[in-house]
Amino acid sequence: MKKVMMATAIGATTLLSACSAEHGTTQCTTAPEAEWQNQDAFQAQLLAQGYKINEFKVTGGNCYEIYGFDKEENKVEIYFNPVDGSIVKKEMH
């Protein structure tokens, strides 16, 4: 029993240490910035889709991140892959 518990603890520790150095950082791409969509054009696309952007930034995890509202007027924080525009993470507040 002790061996199982120890193995579980070691596995959990290994998993946690495998996380990025910036714990909690959402990683969106490793592609060079030359392959990213233009920031202004990307924001214009989001606005045309009904998003309201209060803040737009580029994160340390190479994401385009917005704080604002989605099409349904929900307050959101969304991380986008700047290469293909896909949503990597969405949090509703």
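Please read these numbers as outputs of a predicted model, since none were measured by experiment. Sequential numbering from 1 along the given sequence is applied to the chain's residues.
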How long is the span from the [atom1] atom in [X] to the [atom2] atom in [Y], to the nearest 0.5 Å?
| X | Y | atom1 | atom2 | value |
| --- | --- | --- | --- | --- |
| E77 | E55 | CD | CD | 9.0 Å |
| I87 | I78 | CD1 | CD1 | 5.0 Å |
| F42 | I66 | CZ | CD1 | 7.5 Å |
| N62 | T29 | CG | OG1 | 6.5 Å |
| Q27 | T59 | CD | OG1 | 7.5 Å |

Looking at every heavy atom in both [X] and [Y], which two are closest together, and how far apart are they?
| X | Y | value |
| --- | --- | --- |
| D40 | N38 | N-OD1, 2.9 Å |
| G85 | F80 | O-CD2, 3.4 Å |
| D70 | K90 | OD2-NZ, 3.4 Å |
| C63 | T26 | SG-O, 3.4 Å |
| V83 | A31 | CG2-CB, 3.6 Å |

Original post:
Under a 4.5 Å cut-off applied to non-hydrogen side-chain atoms, are V58 and E33 in contact?
Top reply: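 No, too far: nothing below the 4.5 Å cut-off.
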Original post:
Is any side-chain heavy atom of K71 closer than 4.5 Å to a side-chain heavy atom of Y51?
Top reply: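 Yes, side chains in contact.
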Hydrophobic clustering (ILVMFWY, side-chain heavy atoms < 4.5 Å, transitive) - are [Y] and [X] grouped together?
| X | Y | value |
| --- | --- | --- |
| Y79 | M92 | no |
| Y67 | L47 | no |
| V88 | V76 | no |

Original post:
Do W36 and Y64 have their ring centres less than 6.0 Å from each other?
Top reply: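 Ring centres of Y64 and W36 closer than 6.0 Å.
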**OP:** Please name all residues satisfying salt bridge (charged side-chain N to carboxylate O under 4.0 Å, His left out) with K89, sequence neighbours left out, ordered by chain then number.
**Re:**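 Partners of K89 under the salt bridge (charged side-chain N to carboxylate O under 4.0 Å, His left out) test: E91.
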